[in-house]
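Written out below as structure tokens is the structure these notes cover.
Model, not experiment: these values are computed from the prediction.
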Amino acid sequence: MVKHIVMWKLKPGKSVREALPQIRTALEGLVGVVKGLRSVQVHACCAGWDLLLETEFEDRAALADYQVHPAHLEAKKVVHSFIEERTASDYEC
């Protein structure tokens, strides 16, 4: 299993209250659409970053497929309408 973690900072004038439900809906809806994507959770962060994405994939190949999947690319449009900065990390469990 591979975990893919992303943290975002929002653009000035954007709020977690506004962004969280829209980003959550866009990304959590990918489970069952993107093969090998086991789970998606989007949370508000406590310090340093505004939002956190936590995903689990069957393997590295599934993560690679997710990155270019058309449904994920559409969901990224929602995410990018809110964020100005991101950091990410992947690890195997």
Side-chain angles (χ1 to χ4, degrees):
M1 176 173 53
V2 174
K3 289 201 176 197
H4 173 65
I5 309 297
V6 181
M7 292 184 291
W8 298 297
K9 288 186 181 179
L10 297 176
K11 293 177 181 176
K14 300 292 184 177
S15 71
V16 171
R17 184 180 214 188
E18 172 191 16
L20 181 60
Q22 292 183 53
I23 291 173
R24 184 178 276 161
T25 297
L27 293 172
E28 289 180 356
L30 297 176
V31 176
V33 174
V34 178
K35 185 179 178 193
L37 175 60
R38 292 181 176 179
S39 69
V40 175
Q41 295 180 343
V42 182
H43 307 280
C45 290
C46 295
W49 295 86
D50 297 308
L51 297 172
L52 171 94
L53 169 67
E54 198 176 3
T55 56
E56 290 184 0
F57 294 87
E58 289 178 6
D59 52 30
R60 288 182 187 186
L63 174 57
D65 290 345
Y66 164 82
Q67 295 296 347
V68 297
H69 193 284
H72 177 240
L73 297 177
E74 283 299 311
K76 282 176 64 172
K77 291 178 184 177
V78 174
V79 173
H80 287 252
S81 72
F82 289 102
I83 65 149
E84 72 171 357
E85 188 177 344
R86 77 182 281 280
T87 190
S89 183
D90 304 329
Y91 63 95
E92 288 188 272
C93 304

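- When atom types are taken as modelled, the side chain of H72 and the backbone of Y66 share a donor-acceptor pair closer than 3.5 angstrom.
- A continuous path of Ile, Leu, Val, Met, Phe, Trp and Tyr side chains, each step under 4.5 Å between heavy atoms, connects L20 with V79, placing both in one hydrophobic cluster.
- To the nearest 0.5 angstrom, M7 atom CE is 12.5 Å from I83 atom CD1.
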* Test side chain to side chain contact (heavy atoms under 4.5 Å, CB included) on R60 and E92 and set out the steps. => CA-CA 8 Å; R60 288 182 187 186; E92 288 188 272; 2.6 Å; yes
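- A donor-acceptor contact shorter than 3.5 Å is absent between the side chain of K14 and the backbone of K9.
- Within 6.0 Å of the CZ atom in R38, the count of heavy atoms belonging to other residues, nucleotides or ligands exceeds 12.
- Following chains of ILVMFWY side-chain contacts shorter than 4.5 Å, one cannot reach L10 starting from W49, and the two form parts of different hydrophobic clusters.
- Going from atom CG of L52 over to atom CH2 of W8 covers 8.0 Å, rounded to the nearest 0.5 Å.
- The shortest non-hydrogen separation linking A26 to A75 is O-CB, 3.7 Å.
- Interatomic distance, CD of E18 versus CD1 of I23, reported as 9.5 Å (0.5 Å rounding).
- No path of Ile, Leu, Val, Met, Phe, Trp and Tyr side chains, each step under 4.5 Å between heavy atoms, connects M1 with L53, placing them in separate hydrophobic clusters.
- The two residues V33 and A71 have their closest heavy-atom pair at CG1-CB, 3.8 Å.
- Within a 6.0 Å sphere centred on NZ of K11, other residues, nucleotides and ligands contribute more than 12 heavy atoms.
- Inter-residue side-chain proximity for V34 and D65 is flagged as unmet; no heavy-atom pair is nearer than 4.5 Å.
- Between L51 and R24, the closest side-chain pair of non-hydrogen atoms is not below 4.5 Å.
- Here the side chains of F82 and D50 are not in contact, with every heavy-atom distance at 4.5 Å or above.
- For the atom pair OG1 of T55 and CD1 of I5, the computed distance is 6.0 Å after rounding to the nearest 0.5 Å.
- A donor-acceptor pair under 3.5 Å is absent between the side-chain atoms of T25 and the main chain of Q22, judged by distance alone.
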